[in-house]
Amino acid sequence: MIIHQREIGYGEDYSRFFEALVKAKAYLEQKYPEVSVELMYNLAGQRGRATIQTRYPSLAYYERIDAEMDNDEEYSTLLKSIIEDAGGLPVDQFYRVI
């Protein structure tokens, strides 16, 4: 299993940002029911950052879905407000489950 983790900043209008994240999560999970998405924000330490953790059966599976989502206009529209509200560039990490 592969875990893709993206940390992204958000500004003062965090309720709009969180709402957009929830809509994007629902869309992704509906289109790809075998993919799980967790949305989190830090309760201690650095504030103003959200973490999106997505689990895929394999790296090849992630690459296929990522390519499909890059060309998905509806998903791109959902992400537009997330990107606009981001407090800088996201930080991506990939993990392979032991």
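In what follows, every heavy atom counts, from backbone to side chain, and hydrogens, waters and symmetry copies are set aside. A quick note: this is a predicted structure, and the numbers were derived from the prediction, not measured.
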Under 4.5 Å between side-chain heavy atoms, hopping through other hydrophobics if needed: is there a path connecting M40 to F18?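 No, M40 and F18 fall in different hydrophobic clusters.
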In terms of hydrophobic clusters joined by side-chain contacts under 4.5 Å, are Y62 and M1 together? no
Is the count of non-hydrogen atoms from other residues, nucleotides or ligands lying under 6.0 Å from K25 atom NZ greater than 12? yes
Should we count CD of E68 as having more than 12 external heavy atoms under 6.0 Å? yes
Test D72 against Y27 for side-chain hydrogen bond (donor to acceptor under 3.5 Å, both in side chains), laying out the working first. CA-CA 11 Å; D72 187 319; Y27 182 82; 2.7 Å; yes
Determine whether [X] and [Y] make a side-chain contact, defined as any pair of heavy atoms from C-beta on separated by less than 4.5 Å.
X: L79; Y: T77; result: no
X: Y95; Y: Q93; result: yes
X: I3; Y: F94; result: no

What distance separates N42 CG from E7 CD, expressed to the nearest 0.5 Å? 8.0 Å
What distance do R64 atom CZ and M69 atom CE have between them, rounded to the nearest 0.5 Å? 11.0 Å
D70 vs Y75, side-chain contact (heavy atoms from CB on, under 4.5 Å): CA-CA, chis, key distance, verdict: CA-CA 8 Å; D70 283 347; Y75 188 69; over 6 Å; no
Apply side-chain hydrogen bond (donor to acceptor under 3.5 Å, both in side chains) to residues Y14 and E12 and explain how you reach the verdict. CA-CA 5 Å; Y14 63 88; E12 290 181 22; over 6 Å; no
Could you check whether Y10 and Y41 have their ring centres less than 6.0 Å apart? no
Compare every heavy atom of R49 with every heavy atom of V91, then report the nearest pair and how far apart it is. CG2-NH2, 4.0 Å
Heavy-atom closest pair (V35 atom, E29 atom, distance to 0.1 Å) is O-CG, 3.7 Å
Distance-only criterion, 3.5 Å: show the donor-acceptor pairs between side-chain atoms of residues 50-59 and protein atoms not counting sequence neighbours.
residue, atom, partner, partner atom, Å
Q53, NE2, Q5, OE1, 2.7
S58, OG, Y61, N, 3.1

